[in-house]
Amino acid sequence: MHKILRRQIERYYGDIEHLPEEFKTFVEAVGKTYSDYEKEYALIERSLNISSKELTEINQELRKEKEVVEQKVRKRTAELEDERLKLTSVTAHMADGAILLDPHGQMLFSNRAMQHMLGLKDSENDKTLERLFKKFEKVNLKENAIQCVTAEEPMQLSGVESDTNIYNILFRHVAAEEHRRSIVGVLIFMRDITEETLLERSKSELVAVASHQLRTPLTAMRGNVEMLVDESYGKLNTEQHELLDDIQMSAIRLITMVNDMLDITKIEKGDLEMTPEKLNISEITDSVLSDLADYAKRHEFTVQHKKSGENPQIYGDKMRVRQVLQNLIDNAIKYSRHPGKLDISYTSKKDGYLELALSDNGIGIPKAEQPKMFGRFYRASNTARTTSSGSGLGLYIVKSIIEQMGGAIRFESEEGVGTTFFVTFPTKEVQDTHATKEHITSNI
Ligand code: ADP
């Protein structure tokens, strides 16, 4: 029995043995409650002791962790500050203007070049955004910046004229991670291209004027030599014939070159005029082949022109389509291997396009150089061994013409085996050549 209970009973009844019988069971039950209570109390006390010990340990650990985190934060803050200083000093020395906007269009940062381009002093940084939007009101810069937040690729406005200057403006969204969900803002770069554009324009004008001036005397020279070669002014001996043939070839080459230069200035100015109409392409091919028949014969070059049952119709400018075919067939002959041959065929493509394939067995184009072939003045390294004549302008012009007509061009080639050019022409009137280009490339 619990000692406190025993003491109380003894105080009232003297001895526990003298306890009336009817109380004994009751006292036993009370005694049990007393000792149960004591056990529970001891249990609670023990668990309280354990908890408080655990709490102290947790507290110590938390403190340690807090210190580690604080250290990390201090280190990262120092790194970020370092980055910020680097960014500020890099952008401060940049010739391009740079401005960073948040996704709501508020300015987060701009560099000194941007302020100077906008005619602001260093102390007027807060006026940058307003002045920038005002300067490019006509091209709606603000709208472009908003669009850029959701655009997949960086956007560019080229040759934007404002006041007396010309600019290229690049928009690029900035995301905290690779994923676009956390977009921090839009970075706008502005480059003043006034000087180079004006220089480029005057160069093009000079080329255009010079080419025009050259074309007339060259054409006269060609006509006169032609009459001499035809012996309209008397019989020629073999040597005279050879000399005049050479002069005639050179005149033709110069005229081609001058025409190419004029075309390039037109392409660059966006002045390549075209009058599209329905054309029978196989008729144009026949006519080009007949013009080049002598040239092909001299090279012992054979052409197979596979016409399909129906007349293959396309939609384009007659003179320019002729120019494209002339160039591609001329190249096939020029870069041929003996015995040279060319297969020309047509295939109807879905959604109103026709594909012309010109497949030769010539010298081919080295793999590594293939991506450069449609660039200006590019000639493959293996051509010098075959022919020295050529300017490397033909394919550039051909591609520009075809794309302006809403078509596309590509080729497959293997050095020493041959080359196939695939030209896709629209067979119906084209509204938006840009959309068409994407359509064709995705369908080819
Ligand atoms: P050009 O013939 O005046 O050099 P082009 O622009 O017409 O200029 O062609 C560029 C280059 O592409 C050529 O110099 C040649 O290296 C290569 N090329 C074009 N067509 C062919 C072809 N059918 N076979 C092999 N190489 C070709």
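In each ligand, atom 1 is the first atom listed, and ligand 1 is the first ligand listed.
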TODO: Take K135 and D163, measure what salt bridge (Lys or Arg N to Asp or Glu O under 4.0 Å) needs, and give me the verdict at the end.
DONE: CA-CA 8 Å; K135 186 173 175 74; D163 306 324; 3.3 Å; yes
- [ ] Show the numbers, then the answer: is there a side-chain contact (heavy atoms from CB on, under 4.5 Å) between F422 and E412?
- [x] CA-CA 8 Å; F422 299 94; E412 285 167 11; 3.8 Å; yes
Task: Derivation of the side-chain contact (heavy atoms from CB on, under 4.5 Å) call for I402 and V324 - done: CA-CA 8 Å; I402 292 169; V324 165; 3.9 Å; yes
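A salt bridge does not link R298 with E300: every distance from a Lys NZ or Arg NE/NH1/NH2 to an Asp or Glu carboxylate oxygen is 4.0 Å or more. Looking at D343 and K341, a side-chain N of the basic residue comes within less than 4.0 Å of a carboxylate O on the acidic one, giving a salt bridge. Note on D286 versus K307: salt bridge recorded, some NZ/NE/NH1/NH2 to OD/OE distance being below 4.0 Å. Between E200 and K203 there is a salt bridge, since at least one side-chain N of the basic residue sits less than 4.0 Å from a carboxylate O of the acidic one. Between K127 and E124 there is a salt bridge, since at least one side-chain N of the basic residue sits less than 4.0 Å from a carboxylate O of the acidic one. Look at D260 and R376 and you find no salt bridge, because none of the NZ, NE, NH1 or NH2 atoms lies under 4.0 Å from a carboxylate O. Between E67 and R63 no salt bridge is recorded (no basic side-chain N to carboxylate O distance below 4.0 Å).
Here the heavy atom of the protein found nearest to atom 26 (N) of ligand 1 is I365 CG1, 3.4 Å. The protein heavy-atom contact nearest to atom 19 (C) of ligand 1 is N331 ND2, 3.5 Å. If you check which protein heavy atom lies closest to atom 4 (O) of ligand 1, you get R379 NE, 2.6 Å. The nearest heavy-atom contact from the protein to atom 3 (O) of ligand 1 is S391 N, 2.8 Å.
At least one heavy atom of G392 sits closer than 4.0 Å to an atom of ligand 1.
For atom 23 (N) of ligand 1, the nearest non-hydrogen atom from the set N361, D360, L342 belongs to D360. When the heavy-atom distances from atom 1 (P) of ligand 1 to Y378, F411, F377, Y335 are ranked, the shortest goes to Y335.
Checked against a 3.5 angstrom limit, the closest N/O atoms of Y396 and ligand 1 fall outside it. Looking at G394 next to ligand 1, an N or O pair under 3.5 Å apart turns up. Of the polar atoms of L395, at least one N or O is found under 3.5 Å from an N or O of ligand 1, judged by distance alone. Residue contacts with ligand 1: A380 is placed with a nitrogen or oxygen under 3.5 Å of a nitrogen or oxygen of the ligand (distance criterion only). Annotation: G390 places no N or O atom under 3.5 Å from an N or O atom of ligand 1; distance criterion only.
For ligand 1, the atoms sitting less than 4.0 Å from at least one non-hydrogen atom of T419 are 24 (N), 25 (C), numbered in the order shown with element in parentheses. For ligand 1, the atoms lying closer than 4.0 Å to a non-hydrogen atom of T383 are 13 (C), 14 (O), 15 (C), 16 (O). Within ligand 1, the atoms closer than 4.0 Å to a non-hydrogen atom of M373 are 11 (C), 12 (O), 16 (O), 17 (C), numbered from 1 in the order shown. Heavy-atom proximity to L393, at under 4.0 Å, picks out these atoms of ligand 1: 6 (O), 8 (O). Contact atoms of ligand 1 toward K334: 1 (P), 2 (O), 3 (O) (distance under 4.0 Å to a heavy atom of the residue). Which parts of ligand 1 touch N327 is read off a 4.0 Å heavy-atom cut-off, strictly below it: atoms 7 (O).
F374 carries K399 over the face of its six-membered ring, with the cationic atom under 6.0 Å from the centre and within 45° of the normal.
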